[in-house]
Amino acid sequence: HGLWADEKATGAAMLAGQPATRYDYRHCDGPLCSRMTSFVIPRGNRWLALEFRSKGDLNRVNRRILASFSLHPARPGD
């Protein structure tokens, strides 16, 4: 699982044309903390997350990355 696994979902979203769950949370690694936004979808028997470090809403570049994100077809066992 990713950094988002123990966090409460903050809403629904789309990732690569698939329904996703959005998580907005704070992640601390030692003395440094970052605001994170993750978009999570099931992918085969795993979870796939696109994560951004952000200070609130996604910036223009992050929104463009999210909107253009695509996936190759899943292979059996992925």
Side-chain angles (χ1 to χ4, degrees):
H1 288 113
L3 301 174
W4 46 266
D6 293 326
E7 303 296 331
K8 183 177 179 178
T10 53
M14 295 295 287
L15 177 60
Q18 298 180 38
T21 304
R22 179 178 173 147
Y23 297 85
D24 295 284
Y25 56 96
R26 191 172 122 155
H27 171 70
C28 296
D29 189 6
L32 303 175
C33 295
S34 299
R35 292 280 311 142
M36 303 292 292
T37 300
S38 298
F39 299 90
V40 182
I41 58 173
R43 179 85 166 155
N45 60 355
R46 300 178 183 174
W47 295 98
L48 174 79
L50 179 61
E51 299 179 328
F52 298 99
R53 291 176 195 247
S54 62
K55 294 181 181 178
D57 291 335
L58 298 180
N59 64 36
R60 184 174 55 92
V61 172
N62 291 346
R63 288 191 308 269
R64 185 172 175 111
I65 291 169
L66 179 61
S68 65
F69 191 81
S70 64
L71 296 169
H72 293 280
R75 294 177 296 188
D78 280 352

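Residues: numbered from 1 along the sequence shown.
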Heavy atoms of other groups near Arg64 CZ, more than 12 under 6.0 Å: no
Set of side-chain hydrogen bond (donor to acceptor under 3.5 Å, both in side chains) partners for Arg53, sequence neighbours left out: Ser34
Donor + acceptor pair across side chains of Tyr25, Ser38 (<3.5 Å): yes
Distance (rounded to the nearest 0.5 Å) between Leu15 CG and Leu71 CG: 6.5 Å
CZ-CD distance between Phe39 and Glu51, expressed to the nearest 0.5 angstrom: 10.5 Å
Closest non-hydrogen atom pair between Ala9 and Thr21, with its separation: CB-CG2, 3.4 Å
Nearest atoms (heavy-atom pairs only) where Ala16 meets Ser70: CB-CA, 4.1 Å
Any donor-acceptor N/O pair, Arg26 side chain to Arg35 backbone, under 3.5 Å: no
Cluster overlap Leu48 with Met36, hydrophobic side-chain contacts below 4.5 Å: no
Residue among Asn59, Ile65, Val61 satisfying side-chain contact (heavy atoms from CB on, under 4.5 Å) with Phe52: Ile65
Co-membership, hydrophobic cluster, residues Phe69 and Trp4, 4.5 Å side-chain: no
Val40 and Tyr23, any side-chain heavy atoms less than 4.5 Å apart: yes
Reported NE2-to-CG distance for the pair His27 and Asp29, which is rounded to 0.5 angstrom: 4.5 Å
Counterpart residues, salt bridge (Lys or Arg N to Asp or Glu O under 4.0 Å), relative to Arg22 (two or more places apart): Asp24
Leu66/Leu50 under side-chain contact (heavy atoms from CB on, under 4.5 Å): CA gap, chis, key distance, verdict: CA-CA 8 Å; Leu66 179 61; Leu50 179 61; 4.1 Å; yes
